[in-house]
There are 2 protein chains.
Amino acid sequence: MTSRRATIADVAREAAVSPSTASVVFSGKTPVSDATRRRVTEAATRLGYTGPDPRAASLRRGRSGIVGVVVGSTLNHLFLDPVQRLMMDGLAEAVAPFGAGLLLLRSSPEIENAPTLLTVPVDAAVLIGCDAPLRASLETAHLRGLPIVVIEGDAGDDVPRILLDNREAQRTAAAHLRGLGHTDVAVVTLRTSAAVAGGWIEPDAEITIDVTRERLDGARDVYPDAPALATAGSSIDQGVFAGRVLFADPERRPTAVIAQSDLLAAGVIRAAEEAGLRVPEDVSVTGFDGVPVDGLSPYELTTLVQAPTDKGRAAGAAVAAMLDGRAPASVLFTCTFREGNTTGPLPR
Amino acid sequence: MTSRRATIADVAREAAVSPSTASVVFSGKTPVSDATRRRVTEAATRLGYTGPDPRAASLRRGRSGIVGVVVGSTLNHLFLDPVQRLMMDGLAEAVAPFGAGLLLLRSSPEIENAPTLLTVPVDAAVLIGCDAPLRASLETAHLRGLPIVVIEGDAGDDVPRILLDNREAQRTAAAHLRGLGHTDVAVVTLRTSAAVAGGWIEPDAEITIDVTRERLDGARDVYPDAPALATAGSSIDQGVFAGRVLFADPERRPTAVIAQSDLLAAGVIRAAEEAGLRVPEDVSVTGFDGVPVDGLSPYELTTLVQAPTDKGRAAGAAVAAMLDGRAPASVLFTCTFREGNTTGPLPR
DNA sequence: TTGTACGCGTTATCAA
DNA sequence: TTGATAACGCGTACAA
């Protein structure tokens with residue numbers, strides 16, 4: 001009923017022990033006699049003390065138990081993608097045993113006063129899909145001496161990276177299509193840069209988003225002249241749009257489509273059905289990611305299976321390592337080719 | 001190059017001012033002469049000082065700039081739902097001007113040592129979909145004297161709530177169907193409790209999840225005897241499963257389906273197509289939420305439109321109010337009925 | 001096993 | 001406009 005919240009000093013006084021003893025009872029760092037422990041915990045409940053103030057504890061310890069996750073876009077956009085969702089789960093799971101939680105931060109805070117890596121008590125930072133706007137966060141994190149991990153992006157120097165063999169994997173899928181006899185193949189890509197909305201990719205266009213460039217390179221390793229249509233991001237709807245473009249002219253449509261994500265592939269398939277084409281009899285479609293796509297059920301995509309949750313876990317492990325002062329490992333994950341029922345031999 | 005990071009005291013010394021002056025230069029709370037300011041900022045850059053340590057600042061200020069968001073399930077599960085995604089965006093947007101970010105916390109930490117509201121320096125807590133496991137978090141938040149806001153859930157007492165007129169809205173949709181002449185109507189519901197996996201809902205079954213119960217009540221206001229099939233959550237796939245059950249027997253299938261979410265409705269429509277039924281000629285389907293469903297494009301759902309982003313913003317505003325010591329407002333949001341092309345008159 | 005003493009890095013308050 | 005002082009609440013050497 002007092003105006004002020006109880007502190008550990010109050011508890012100690014109430015229990016007639018020293019503050020350090022009371023502290024030890026809560027932290028468990030040092031053995032304490034049962035009698036003392038009980039006295040302290042009872043005093044605590046009597047005073048309504050719920051444990052050390054996390055703010056004070058984190059100052060004292062030099063650790064807050066918070067890992068900042070810097071995302072480039074809105075949460076809605078980010079989490080639309082099952083790959084990101086699973087990755088975040090893996091990340092959360094991997095840092096949880098260290099008592100750490102994930103703090104979401106936007107990289108481009110057009111909002112005045114918005115929280116940043118400079119203002120918020122984080123122990124480490126994870127950057128997702130490191131492109132231009134994220135570089136700034138990288139800078140500030142470096143300045144503050146924060147441990148940093150980058151997922152699917154190039155942070156240059158000695159920052160540990162969690163990467164995927166995008167190019168090699170995509171090449172495998174392309175080779176699979178070539179093996180089936182396809183020669184007219186189109187690529188439906190993820191975003192090519194933070195700003196662009198989509199459209200045909202010119203031969204000399206610069207692609208600033210690594211994933212997109214790498215997967216496209218992989219496809220072009222097999223089909224150097226394959227036309228590529230960029231979307232505004234990984235979603236079924238974007239795949240539908242792209243598919244409609246590809247299948248608009250029945251005379252000149254591709255016989256196979258390499259989509260850079262499973263969501264896009266699902267959309268392309270939908271567009272194919274709209275256009276009266278059967279998959280895979282009339283047109284083959286490959287995806288990328290190997291994640292469950294909500295609503296795709298009759299089909300099982302031919303795709304490259306990655307393990308997004310493991311990727312998140314690896315990022316978490318790297319964070320944990322850096323917090324422990326150990327050297328974090330960069331990790332290159334490998335995709336597995338999985339043949340589903342969305343690819344088949346060249347028609348006719 | 002010293003081993004230790006520079007503190008504001010170092011900067012003050014280097015600039016030959018007092019620590020408090022240096023502090024004020026960074027916080028901007030008090031006017032400072034230009035000359036002094038420059039001296040301080042220059043000293044700071046010389047020393048590689050990037051601003052006050054957030055941990056120390058938050059201890060001193062008694063505020064960390066972190067809002068804990070307690071979620072019941074995995075992130076993957078939570079963010080599968082566009083309603084939740086948009087809500088989180090609104091929430092993030094509303095607390096950002098206060099320099100606050102969102103920290104994700106799981107309510108049922110089976111992981112040892114996982115972060116909780118007790119261990120993490122949060123200024124306030126937002127509970128999403130407050131059911132049984134969340135009650136515990138509620139308890140601890142109360143104990144710690146944290147401001148709490150509950151979204152779509154009942155926290156009992158004086159906790160501000162962000163609610164939706166679920167029952168009334170659902171009743172409107174049901175009435176719409178009745179107006180079209182439908183009498184054989186089935187309901188496809190969201191989860192009925194944290195644990196249950198789905199199945200026909202017995203008449204006397206207890207439904208612990210508020211949203212589900214309220215929407216079902218609304219449907220039953222018009223169709224008291226409508227059978228209800230529970231799913232394991234809001235997703236297209238779950239809707240497909242439910243739809244297959246409903247349409248399994250051509251002789252006894254409903255002519256209209258009330259789905260408790262747009263995702264479920266999308267799945268039901270997919271199942272209807274599978275079963276060779278046309279929507280809305282053979283079967284009418286209503287949704288709930290009015291959110292863009294990725295991959296639904298040919299259809300426009302007849303649904304109840306809510307404003308999830310606003311809901312999030314309202315929660316954020318409530319948090320902000322409580323942090324300012326003002327009384328937070330509970331808000332009841334209202335859905336709007338929107339007729340799409342998935343409902344039509346009773347066939348024959 | 002318990003207690004003493006100190007400082008973690010800031011910032012609010014007040015006086016100059 | 002600037003400076004001195006005193007917390008904020010805790011953890012941890014170290015000594016007893």
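Naming convention: chains lettered A, B, ... in sequence-line order (proteins, then strands); numbering from 1 in each chain.
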Worksheet entry | Interface with DNA chain D, restricted to residues 8-23 of chain B and to heavy atoms under 4.0 Å | B:V17, B:S18, B:S20, B:T21
Discussion item. Can you pull out the residues from residues 45-55 of chain B that lie within a 4.0 Å heavy-atom distance of DNA chain D?
Written reply: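 Heavy-atom contacts with DNA chain D come from no residue of residues 45-55 of chain B; none.
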Worksheet item: Touch check for B:T30, heavy atoms < 4.0 angstrom, all strands: base, sugar-phosphate only, or nothing?
Response: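 Touches a base.
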Worksheet item: Does any N or O donor sit under 3.5 Å from an N or O acceptor when you compare the side chain of B:R60 with the base of C:dA12?
Response: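 For B:R60, whose side chain was compared with the base of C:dA12, there is no donor-acceptor pair (under 3.5 Å).
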Write down the distance between [atom1] ([X]) and [atom2] ([N]), rounded to a whole number of angstrom.
X	N	atom1	atom2	value
B:R63	D:dC8	CZ	P	17 Å
B:D34	D:dT2	CG	P	10 Å
A:R61	C:dC6	CZ	C1'	18 Å

Under the side chain to side chain donor-acceptor pair (under 3.5 Å) test, residues paired with [X] that sit two or more places apart:
X	result
B:N76	A:R85
B:R144	none
A:R55	B:D123

Worksheet entry | Residue list, ring-ring contact (aromatic ring centres under 6.0 Å, His included) with B:F26, at least two apart or on another chain |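 Listed in chain order: B:Y49.
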Worksheet entry | With sequence neighbours excluded, residues passing side-chain contact (heavy atoms from CB on, under 4.5 Å) with B:D310 | B:A307, B:R313, B:F333
Item to complete: Using side-chain contact (heavy atoms from CB on, under 4.5 Å) as the criterion, list what pairs up with B:L59, not counting sequence neighbours.
Response: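 Expected list: A:A56, A:L59.
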Worksheet entry | Sequence neighbours excluded - side-chain hydrogen bond (donor to acceptor under 3.5 Å, both in side chains) pairs with any residue from residues 12-22 of chain A | A:D10-A:R13, A:E14-A:R46, A:S18-A:S20, A:S18-A:T21
Could you tabulate the donor-acceptor pairs under 3.5 Å formed by side-chain atoms of residues 316-331 of chain B, not counting sequence neighbours?
from, atom 1, to, atom 2, distance (Å)
B:D324, OD2, B:R326, NH1, 2.9
B:S330, OG, B:R161, N, 2.8

Worksheet item: Looking only at heavy atoms, what is the nearest atom pair of A:L103 and A:I66, with distance?
Response: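 A:L103 and A:I66 have their closest heavy atoms at CB-CG2, 3.6 Å.
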Worksheet item: So which one's nearest nucleotide on DNA chain D is more toward 5', B:L59 or B:V32?
Response: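 Checking each residue's closest nucleotide, the 5'-ward one belongs to B:V32.
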Worksheet item: Side chains of A:R39 and A:V25: closer than 4.5 Å at any heavy-atom pair?
Response: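 Contact flag for A:R39/A:V25 side chains = no.
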Item to complete: Give the nucleotide from the list D:dG11, C:dT2, C:dG9 with an atom nearest to the side chain of A:S33.
Response: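 Per side-chain heavy atoms of A:S33, the pick is C:dT2.
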Item to complete: Work out how much the helix from C:dT1-D:dA16 to C:dA16-D:dT1 bends between its end axes, five pairs an end, to the nearest 10 degrees.
Response: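 Its terminal axes enclose an angle near 30°.
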Item to complete: Could you list all the ring-ring contact (aromatic ring centres under 6.0 Å, His included) pairs where at least one residue sits in residues 71-102 of chain B, not counting sequence neighbours?
Response: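 Sorted pair list: A:F79-B:F79.
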